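Working notes, structure below.
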Amino acid sequence: MSELNLILLGPPGAGKGTQASRLTEDFGLPYIGTGDLLRRHVAEETDLGKQAQEQMDNGGLVADDLVIAMILEKIDEEGDDGFLLDGFPRTIPQADALAGALEKRNRRLTAALLIDAPDETVIKRLSGRRQCSDGHLYHVEFDPPKHEGRCDQDGKPLSQREDDEPEKIKKRLETYHEQTEPLKDYYEERGLLRRFDGTQDKVKVHDHIRATLATLRLEERL
Ligand SMILES: [Zn+2]
């Protein structure tokens, strides 16, 4: 049995989301985005969701073991052949906790896929993003609408997500460099890190990742 148990790493704006949706199609793996997972548990008021809500109501972050419980539940349901995890781990303690939890299920990570891009690329990409209220996306430089500030598809006004404002981007990058970037060394030391150049065209990045995963799957079978 060959599993592809994968995590996605990389700064915001490096293209993780785009690559994730292509890879889940290519390899038939469930995509586990922890942000969405958490929101769904809370919205559906599951046991785990209620505990998470309680922690947030008390002004705290949701505890790692709660997030891991949600991830494991999803893996148990759909992840027999593997999974693609995005948004977790974001710190070294989280990475340790995840490894321990997988080990209890006699599983381990196959690879950590790092889609990397320098700050200047990320800032340029994110700060130029605009969207209409229906979520149609544009970029002022790389993919501008025909009429400035208006959606091509429905004519609605385009605006910038709060998260994509320059000050917010700077904050997100700082947090990434401080807390998440050390995971590069962490997974490198464990022989799990695979690097991809997120500044390249997304088709190229996708081809590169797909080839790497095909090789990994072969190696798992041997
Ligand atoms: Zn639109």
Side-chain angles (χ1 to χ4, degrees), residues 1-53 61-91 94-116 135 137 180 183 186-187 190-196 198 202-203 205-221:
M1 195 59 226
S2 69
E3 296 170 12
L4 281 177
N5 304 327
L6 307 167
I7 61 168
L8 275 173
L9 286 178
K16 293 197 299 288
T18 310
Q19 297 301 333
S21 61
R22 294 177 185 208
L23 291 172
T24 52
E25 278 173 30
D26 292 345
F27 291 90
L29 300 173
Y31 170 73
I32 309 177
T34 47
D36 287 338
L37 188 65
L38 180 59
R39 276 190 288 275
R40 214 179 52 235
H41 272 277
V42 170
E44 290 172 5
E45 299 183 2
T46 63
D47 282 344
L48 293 171
K50 282 183 203 161
Q51 291 177 55
Q53 185 66 59
L61 293 171
V62 176
D64 292 346
D65 56 354
L66 210 51
V67 178
I68 288 178
M70 292 176 188
I71 293 169
L72 288 178
E73 190 188 278
K74 184 95 173 159
I75 291 175
D76 289 344
E77 285 168 12
E78 302 174 30
D80 280 354
D81 296 335
F83 53 84
L84 185 59
L85 183 57
D86 184 14
F88 193 96
R90 281 191 172 154
T91 65
Q94 288 178 348
D96 283 334
L98 177 67
L102 287 173
E103 203 174 321
K104 281 190 197 140
R105 281 180 163 57
N106 285 317
R107 297 180 73 155
R108 56 180 184 78
L109 285 183
T110 315
L113 311 176
L114 169 68
I115 305 175
D116 217 352
L137 280 171
T180 309
L183 288 175
Y186 178 96
Y187 286 118
R190 286 157 182 75
L192 294 174
L193 193 75
R194 299 291 183 277
R195 289 171 188 272
F196 304 94
K202 49 194 167 193
V203 175
V205 177
H206 175 234
D207 287 347
H208 186 192
I209 299 178
R210 202 171 49 177
T212 302
L213 293 186
T215 308
L216 278 173
R217 188 165 254 181
L218 266 180
E219 285 170 2
E220 291 287 309
R221 285 201 182 124

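Not measured: the values here are computed from a predicted model. If you read the sequence from its start, that first residue is 1, and numbering goes on from there.
Salt bridge status for Glu103 with Arg107: absent, with no side-chain N to carboxylate O gap under 4.0 Å.
By the 4.5 Å heavy-atom criterion applied to side chains, Arg90 and Gln94 are counted as neighbours. Two residues are said to be in side-chain contact when any heavy atoms from C-beta on lie closer than 4.5 Å; Pro11 and Asp116 meet this criterion. Counting heavy atoms from C-beta outward, Leu85 and Leu98 have side chains that approach closer than 4.5 Å. Under the 4.5 Å side-chain criterion, counting only non-hydrogen atoms from C-beta, Ile115 is in contact with Ile209.
Rounding to the nearest 0.5 Å gives a distance of 9.5 Å between CG of Leu114 and CG of Leu8. To the nearest 0.5 angstrom, Ile71 atom CD1 is 10.0 Å from Ile7 atom CD1. Residue Glu25 holds its CD atom at 8.0 Å from NE2 of His206, rounded to the nearest 0.5 Å. If you take CG on Asp47 and CD on Glu73, they are separated by 9.5 Å, rounding to the nearest 0.5 Å. In this structure, Gln19 CD and Asp26 CG are separated by 9.5 Å, a value rounded to the nearest 0.5 Å. A distance of 9.0 Å separates CG in Leu213 from OG1 in Thr110, rounded to the nearest 0.5 Å.
Listed for the Thr215 side chain is a donor-acceptor partner under 3.5 Å among the backbone atoms of Ala211.
In Glu45, the CD atom is not crowded: 12 or fewer heavy atoms of neighbouring residues, nucleotides or ligands sit closer than 6.0 Å.
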Requested in this report: Given side chain to side chain contact (heavy atoms under 4.5 Å, CB included), test Leu216 with Leu4 step by step and report yes or no.
Outcome: CA-CA 8 Å; Leu216 278 173; Leu4 281 177; 4.2 Å; yes

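In terms of heavy-atom proximity, Phe83 sits nearest to Leu29 at N-CD2, 4.0 Å.
Remark: Arg190 qualifies as a cation-pi partner of Tyr186 under the 6.0 Å distance and 45° angle criteria applied to the six-membered ring.
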